[in-house]
Amino acid sequence: MENAEYARLLSETADLMEIAAEDGFRIRSYRNAASAIEGYPERVHDILANPERQVTEIPGVGKGLAFVLHEIRERGSFERRDEMLARYPPTALEMLKIQGLGPKSIAAIIEHYRVSTIDGLERLCREQKLRELPRMGAKLEEKVLRSIASYRQSAGRFLLSFTSEVAVEISEYLAALPGVERVEPAGSVRRGKETAGDLDLLVLASDPQPVLDHFVKFPRISEILVKGENKCSAKVGLEGLQVDVRVLPRESYGAAMQYFTGSKVHNVALRTRALKFGLSLNEYGLFRTSDNERVAGETEEEIYGKLGLDWVAPELRENQGEIEAALEHRLPNLLDLKSIRGDLHMHTRETDGRATLEEMAETAIGRGYEYIAITDHSKALAMANGLDEARVVAFANQVRELNKEGRLGIRIFSGLECDIRRDGTMDIEWDALAELDLVIASVHSHMNLESNEMTDRLLKALECPHVRILGHPTGRILLHREGYPYDFERVAAEAAKRGVVFEINASPERLDLHASLIRAAKAKGCRFTIATDAHHPRHLANMPFGVRTARRGWLEDRDVLNTLPSDEFISALRGH
DNA sequence: GCCGTTTTCGGCCCGACTGTTTTCAGTCG
């Protein structure tokens, strides 16, 4: 059992305890332990199995939770969880995902109506029954119905970070088998799309049967859906991600890779083009229609080449002009992860981060960076203990000293993620902002403004001369919340004029800006930074997701300021 | 339930908003 599953059992139980109105501090302990375990570098399972080790060495795990963890290892559950599940059905956990409903409301709904499914909840709203409960009314019924609709839309999809992790795990498992030459993800995961419905893995091997026999023995498989001669589909893990494994011979590996990478619209355009050449393209290869002779199939490059096209990077395969560009040899020279020289958005213990500046710097050095910016929150985020003017100035001085000493071995930029207030003004006085190397302006509150009010707010924020970057510019949370609406073109044009750059937030839950808006902004003359918004040193490893998103937005190295060496970076950021 | 101690019990990020009230509980971040 992996750490993520231990963490999941704890945090699910915490959710149920919240519905049961148990002690809030105890619930927090469960949550803290879950997050500590999830990020712990060693397998909890192994520590539990080792009589010479103590799980209490994990911060946040004391005697009580150590006992719980041992129980999970032995039987996959624990007493309090069983007790909670006897009181509330597991579907109650699903109800917590509906925005506008919290544990108290859910407890009341279950108690009064014995309803604990999303469908049942929807019926209650439609029949206007929710308003009969205390402190609930017509507005809430409407809000819940809207939330249910958006929840259904995102259900069954998974974040790129999650599918990528499973892809690596299963690839390594399969690649260990003799006779397996290559294992690679195809589909939307290979295209770097922010969410995926399933995971396609292609395996290059001459004999499919041993590969599929090995796959079905993968320990985290919960259900085998299909097992044929060349393909096997199974549900993996508690999350139930569907994984399709296809085994292919060398001569059609490229064709299969092309076919299963998609997207569907890109493939349709490609097949249409093939027909014009008297060719036909399928997952086995490119064939001459006249005599069914195979003309390509082993690699993608030869398939695209035979169609008169340059090879198209998977991130671009959305039929958004990439085929025309490939024909005219004007595909972009896409940004490379290796070009990134620094990370520009991260938090420390000063606010809601989990590590110190020194620990973040050390991890950044390990990633080969030349510089980082520390950008804690401003005071409007009181829950995060945001910085006020005095702390901002003190921090700027501290960073000046650190850079002078040079003992950290990496250049630090003093930064701030400054809240944009409802009226578009900055949460920190300008003279304090002036002390910093770099100010990111972000919206964290009042996200449900009308589009024109939000547009004015962002335009006003751009007026502050110290603002250099617009942080997570749409505010979306993938599978959870849409971005706030505003006139993007207008804001992008103004940002370009003022030299304020757009952040591409690499956090897998955000990936904000997303591809289509990146392209729209680039067309307006905007430039970009890519940053992880790390709250923990391990989050610095999320940079590849941001880079892939930038690639989906057709960006090249020169569009992204943190590909520049530190001196050039800071002067480019300041617009000179 | 964890942690840190002034070592065995008290503290644990909290402010803003919303919709429902008639002074505030519940949700969100």
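Chain naming here is simple, since letters A, B, ... match the order of the sequence lines and numbering starts at 1 in each.
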Pairs under 3.5 angstrom, nitrogen or oxygen only, protein versus nucleotides 14-17 of chain B, please.
residue: B:dC17; atom: OP1; partner: A:His446; partner atom: NE2; Å: 3.2

Interface polar pairs with nucleotides 3-5 of chain B, N/O, under 3.5 angstrom:
residue: B:dC3; atom: OP1; partner: A:Gly60; partner atom: N; Å: 2.7

Using the 3.5 Å cut-off, write out each protein N or O paired with an N or O of nucleotides 23-28 of chain B and the distance between them.
residue: B:dC24; atom: O2; partner: A:Arg135; partner atom: NH2; Å: 2.8
residue: B:dA25; atom: O4'; partner: A:Arg135; partner atom: NE; Å: 3.4
residue: B:dG26; atom: O3'; partner: A:Ser105; partner atom: OG; Å: 3.3
residue: B:dT27; atom: OP1; partner: A:Gly102; partner atom: N; Å: 2.5
residue: B:dT27; atom: OP1; partner: A:Gly102; partner atom: O; Å: 3.0
residue: B:dT27; atom: OP1; partner: A:Ser105; partner atom: N; Å: 3.0
residue: B:dT27; atom: OP1; partner: A:Ser105; partner atom: OG; Å: 2.4
residue: B:dT27; atom: OP2; partner: A:Lys104; partner atom: N; Å: 3.3
residue: B:dT27; atom: O5'; partner: A:Gly102; partner atom: N; Å: 3.3
residue: B:dC28; atom: OP1; partner: A:Gly100; partner atom: N; Å: 2.5

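Between the side chains of A:Asn562 and A:Thr529, not a single donor N or O lies within less than 3.5 Å of an accepting N or O. A donor-acceptor pair shorter than 3.5 Å cannot be found between the side chains of A:Asp119 and A:Thr117. A:Ser77 and A:Asp82 share a side-chain donor-acceptor pair at under 3.5 Å. No side-chain donor from either of A:His45 and A:Arg43 sits under 3.5 Å from a side-chain acceptor of the other. Checked by atom type, the side-chain pair A:Asp533/A:Asn505 shows a donor-acceptor distance below 3.5 Å.
Residues A:His472 and A:His444 place their aromatic rings such that the two centres sit under 6.0 Å apart.
Summarising the geometry, the separation between CG on A:Leu130 and C1' on B:dG19 is reported as 13 Å, rounded to the nearest angstrom. When the P atom of B:dG19 is taken as reference, atom CD of A:Glu141 falls 13 Å away, rounded to whole Å. Put simply, CE on A:Met447 is 7 Å from P on B:dG29, counting in whole angstrom units. The CD1-P distance, from A:Ile27 to B:dC13, rounds to 15 Å in whole Å. Rounded to whole Å, atom C1' of B:dG29 lies 10 Å from atom CZ of A:Arg510. Counting to the nearest Å, the P atom of B:dC2 and the CD atom of A:Glu57 are 15 Å from each other.
Remark: B:dC2 base-pairs with B:dG11. Criterion, Watson-Crick or G-U wobble with two distances under 3.5 Å.
Both A:Arg80 and A:Leu133 lie close to DNA chain B; mapped to their nearest nucleotides by heavy-atom distance, the more 5′-ward contact belongs to A:Arg80.
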- Message: If you apply the rule salt bridge (Lys or Arg N to Asp or Glu O under 4.0 Å), what do you find for A:Glu435 with A:Arg400, and how did you get there?
- Response: CA-CA 10 Å; A:Glu435 298 290 315; A:Arg400 275 191 278 269; 3.0 Å; yes
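Taking the C1' atom of each, B:dC13 and B:dC28 are spaced 14 Å apart, rounded to whole Å. Rounded to whole Å, the C1' atom of B:dC17 lies 43 Å from the corresponding atom of B:dT7.
From A:Glu194, atom CD reaches atom CD of A:Glu509 across 13.0 Å, with rounding to the nearest 0.5 Å.
Across all strands shown, A:Ala138 has heavy atoms under 4.0 Å from sugar-phosphate atoms exclusively, and none from any base.
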